[in-house]
Amino acid sequence: MVKYLIRRLSFLFLTLLITSMVIFSVTQLLPGDVARVILGREAGEAALQALREELGLNDPIPVQYTRWLVNFVRGDWGRSYSTKSEIRPQVVQRLRNSLMLAAVILVISVPLAIFLGVIAGLNENKWIDNVISIASLAVVGLPEFVTGLVLIQIFSFRLRLLPANSSIRPTTSFIEALPMLILPALTATLVLLAYIARLTRAGVIEELKQQYVRTADLKGLPYRMVIFKHVLRNALIPTITVIAISMGWLISGLIVIENVFNYPGLGRLMVFAIDRRDLPLLQAVTMVAVLGFALSNLIADILYAVLDPRIRLG
Amino acid sequence: MDGEQTVLAIKNLTVAYRIGDRWFEAIRDIELSIEGGQIYGLVGESGSGKTTLAMSILNYLGESGRILKGSIVFDGEEISNFPKEKMRSYWGRKISLVPQNPLSSLNPTLPVGEQVQEVLRLHLKMSEAEARRRVLELFERVRLAEPQRVARSYPHQISGGMQQRVMIAMALATSPRLLLLDEPTTSLDVTTQASILDLIKELIRGQEMAVLYVTHNLGVVVELCHRVAVLYAGELVEDAALQDLFQQPLHPYTFGLLKSVPKLGQNKRDQVLSAIPGQIPALAQRGSGCIFQARCPIALDLCAERPPLERVNPLRSTRCHRWQELARQEISLEELFETEGEAINAAMPVQVKSETAALDAQGIVVEFQSQHSFFESLTRHSPKVKAVKDVSIRIEPGDTLGLVGESGSGKTSLARAISGLNEPEAGSIRIYGLPAAPKLSRRSRDVLRRLQMVFQNPEEALNPFMTVGESLRRQLFVLQGIRGEEAQRLAEEMIRAVQLPVDVLNRRPNQLSGGEKQRIAIARAFITNPDVVIADEPVSSLDVSVQAAILNLINRLQGNFNNGLLFISHDLAVVSYLADQITVIYLGALMQLCRAADLFKPPYHPYTEALLSAVPSVDLGKKAQNIRLEGDLPSPTENITGCPFHSRCPRKIGEICEHQPPPWRVDESTQKRIYCHYNLEELSQLQSPILDVGL
């Protein structure tokens, strides 16, 4: 197990190193002159040259990359070209918001999706399975801006239960923010639900075919115990790891939902950075996103090993 | 308690499965009753319905199966109509099952000890601590070494034999009234099978339990059972006491089955196997007449009508219109089954030592990297597994070398190395003196043509998108440049040689049965007239009644083409039947080399001795001694010094075996070679003949 962890961790670092190179070179290769972007059209050649010198844009690419990476690791993420303020506090603030939203999404969607998936799987091809499968597929087919707007229509305008705008302030505490998190979280849930539920259903159906289930049955165990102690223990392993992997997406990939609800998460910050050609900001946000993806993969791997002795004990 | 009580009585049982929206009868009109203390053998090939019968007794047929009629009375109670929920109080308590495949029958994510505890806590209402203690006792009873450690292990951490011991412990934990064993040793190696059979015998003997032992292996039945029921295509064709059935079968199928299995010591030069022609009819093709009619050598017009299960005497019944003639010995089945090939046998060359061998492989070493991923190979040096360690073999033209070994012995690795599918680490391969490159891609067309292979599983060996004709013609074109009419003519000739109708050429593999597919695979190997054919377990995925015909076919083709044959099998009887020379391989090293006829005479290598002793034999009442191997095959990554077999050798001398590689002991007169620290005289004195070969 320790060996497994060490292997996974070193793999994580390797991934991060390689992606940091990719991120750096891709953003550097983007067309457009950074100095020109910062100083504007009217700037003279001398001013541009001075700024390039100041920003280190004239150094060879590997030097620029190393400097950027060392600074990044040390916590110095530089200043945004567009807002002129420190990047790190901004990103950390947005990360906090994204994590709060992700937590609410998981709390709502995971139990619901697993419950529906298990019910569907245990009743394969019966009416209840068909209802669950068709309903969840129907929902997943709708884009988030449609489901989001429908939810706003119902819960904010008709029922007046929840706010339509989720633009929380940096000082808003989790408890205060909670009512504003529910609608975006529901919207994301509708996307995740079908996916997780179908995976769970497939897992349950697959495991029910295994011979150890026959053994458990033929021991005379009550049906409940056969399902809970034997089937679900194995059937949920893929589901749980996929949920862990989807954490990465929840942290930085909810761009549409954040826009619909005007929610200040990482996704919107990324769009902002792209809009403004704000390279340092874009690099920082992307690195944080990649870190999120890599960590959620690591968590998935660890969970997989914890849950499945065949991996853990090789 | 009196053991004569009937525990299970089955009457007129018919069970059907739904395929699409039609129902097909998988078993028909089964009659069977088992008394307490009785071990009942249920013999049948795949498709005979034997597992269906076992599952019907358990009332565990699944959604698509249904009992159409008949009754199952267990302990005086009709249970065939019990709902699943009611059966739960019988399962594991009164009726237990030991299944075929122990690894997939155990929950992979629970320690095995806990899986046995469940039964005790549920049915015997034990506390957790009590159950834990009891599991250790049970594990000791099934002779698991280190019960504590085993109880904590997950299924994948213990060997197949140990997994099956766990399953047996689980089944016996509650002392059930009825024990069903569904091919419990089929997935195990022959030496493991032998010790599991010993265990079952020991645990069951003297109990009041009724036992139904389901198997396709007649030898196992002889070892264990009191009575035997023979199942064919869903019908019970014969039911008799063990002795009676084996001495005078009263159904042609039983006879064919008994005769088609090669017995230890039988050789192709003495006797052709009697094969049953054709194959078991599929579910949808079972007519209203006698179920065996299409394959029966003594079928009459009268057999278009289904014979009843007739009582021969109170203890015996059979389902054949002509049983009385058989009983009075008015017809002899002996000559009626396929025995063609005798003439060819006589024409077969009796080994002439030639200067150039058909195959000469020297010093073959095969290694595998034991790594799992690309990344692992970057971070650490993974140990190499030596699958084959410096093995040399030589096959004369027209000769058959039999290679025997259990799973993990390296026999397939050796075959794949010679055929070039796995590049050997070291060694030289020559075919008629022509050197063959280690790597397949570097071998010339000529070398490829000269060396052909027949694989174990015909289902995977044929391209499903090509017709049989295309497969054969392609072989001719690629290896010999023959095309057009000439190729067609050769393909037709070959198809006739493997005894199939010519129109098979236009069919695709999915329209053929397993036996037919293997015939095609054999045809493809022989069509280019190779010098050497390697056959890797060519009959082990086939049914017993089909096996014999394939063995006869290989034998005959080899006689015609006079090529060298490397025949690989885990089945000693099959190997010794077909081979002229035999090598025994263990952990990638050769242990013994001898003529097939000398295999059964001492001296043997101690490993050979254990293998021979482990084979369940169809011959009643033979078997001088039982030699059983302790423990399991060592892990392939383990570095073993001295003799590879020392960790399990029942005749281990001492330290010398652990540290010093043994010398080859050679008997000059018979050319028997044994790799052992004992010399041949010492071994001869220690060992007794495993079976009487005074044919």
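What you are looking at is a predicted structure, and each value in this text was computed from that prediction instead of being measured. Naming: A, B, ... by sequence-line order, numbering from 1 per chain.
At a threshold of 4.5 Å between non-hydrogen side-chain atoms, the residues R88(B) and D217(A) count as touching. Put simply, the side chain of M225(A) reaches to within 4.5 Å of the side chain of E118(B), judged on heavy atoms. Between S104(B) and Y212(A) the shortest side-chain heavy-atom distance does not fall below 4.5 Å. Using a 4.5 Å cut-off on side-chain heavy atoms (C-beta onward), E63(B) and E124(A) make no contact.
Judged by distance alone, the side chain of K219(A) and the main-chain N or O of Q115(B) form a donor-acceptor pair under 3.5 Å. A donor-acceptor contact shorter than 3.5 Å is absent between the side chain of S105(B) and the backbone of T215(A).
Contact tally against chain B (heavy-atom pairs below 4.5 Å) for I237(A), L307(A), L221(A): the top residue is L221(A). Residue with the most contacts toward chain A among L110(B), V119(B), L58(B): L110(B) (heavy-atom pairs, distance under 4.5 Å). Interface remark: of the candidates L218(A), N234(A), V213(A), D308(A), L218(A) forms the most heavy-atom pairs closer than 4.5 Å to chain B.
A distance of 10.5 Å separates CD in Q211(A) from CG in L106(B), rounded to the nearest 0.5 Å. Separating the OH atom in Y60(B) from the CZ atom in R214(A) is a distance of 7.5 Å, to the nearest 0.5 Å.
Neither the backbone nor the side chain of S89(B) has a heavy atom closer than 4.5 Å to any heavy atom of chain A. With a 4.5 Å cut-off on non-hydrogen atoms, V226(A) touches chain B through its side chain but not through its backbone.
Listed here is the closest heavy atom pair of P309(A) and H156(B): O-CE1, 3.3 Å.
Inspection of non-hydrogen atoms places L122(B), H123(B) of residues 120-135 of chain B under 4.5 Å from chain A. Contacts of residues 158-176 of chain B with chain A at a heavy-atom distance below 4.5 Å involve M167(B), M170(B), listed in sequence order.
For the side-chain hydrogen bond (donor to acceptor under 3.5 Å, both in side chains) with N107(B), the lone residue among Q210(A), E207(A), H230(A) that qualifies is H230(A).
Annotation: Y17(B), atom OH; neighbour count of heavy atoms from other residues, nucleotides and ligands within 6.0 Å is above 12. Counting heavy atoms of neighbouring residues, nucleotides and ligands inside a 6.0 Å radius, atom OH of Y65(A) exceeds 12 of them.
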